[in-house]
Amino acid sequence: MINELTEKELITTTIDRYTELQQIKKANGGHENQMLDYFIKVTIAKLSSMGVNVEEITLN
């Protein structure tokens, strides 16, 4: 049996991933991590394609 996520569940899961990646970046203490930056960029692109304004949920 295949469990498919609803669009809302997919958006919520992707937002959770984005917030986790932001927390990791903040905890990284300003050290450059190209892979982390790439994952954040890809997650932003995914959220944007789903109509989510990431500026509202971006950690400063």
Side-chain angles (χ1 to χ4, degrees):
M1 184 166 126
I2 297 175
N3 288 335
E4 293 187 26
L5 296 176
T6 65
E7 184 177 355
K8 190 169 189 163
E9 290 171 327
L10 181 58
I11 290 170
T12 300
T13 301
T14 309
I15 288 172
D16 290 345
R17 177 175 173 84
Y18 180 59
T19 57
E20 291 166 357
L21 291 169
Q22 288 184 91
Q23 291 170 7
I24 292 168
K25 183 171 179 115
K26 186 167 184 129
N28 214 13
H31 297 288
E32 184 178 341
N33 184 327
Q34 291 180 345
M35 188 58 71
L36 178 59
D37 291 340
Y38 174 75
F39 285 144
I40 290 172
K41 187 182 286 189
V42 169
T43 305
I44 289 171
K46 288 178 181 180
L47 287 169
S48 294
S49 75
M50 292 184 244
V52 176
N53 182 356
V54 295
E55 291 178 11
E56 295 178 2
I57 58 173
T58 299
L59 184 64
N60 294 320

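All figures in this text were calculated on a predicted structure; none of them were measured in a lab.
- Considering every non-hydrogen atom in both Y18 and T58, the closest pair reads OH-OG1, 3.0 Å.
- Across T43, I44, L5, a single residue satisfies side-chain contact (heavy atoms from CB on, under 4.5 Å) together with T14, and that is T43.
- In this structure, L59 is not a member of the same hydrophobic cluster as V54, with clusters built from ILVMFWY side-chain heavy atoms closer than 4.5 Å.
- Residues passing the side chain to side chain contact (heavy atoms under 4.5 Å, CB included) test with I15 are I11, T19, L47, V52, I57, sequence neighbours excluded.
- Counting only residues at least two apart or on different chains, the salt bridge (Lys or Arg N to Asp or Glu O under 4.0 Å) pairs with a member in residues 37-60 are K25-D37.
- Sorted by first and then second residue, the salt bridge (Lys or Arg N to Asp or Glu O under 4.0 Å) pairs with a member in residues 3-20 form an empty list; sequence neighbours excluded.
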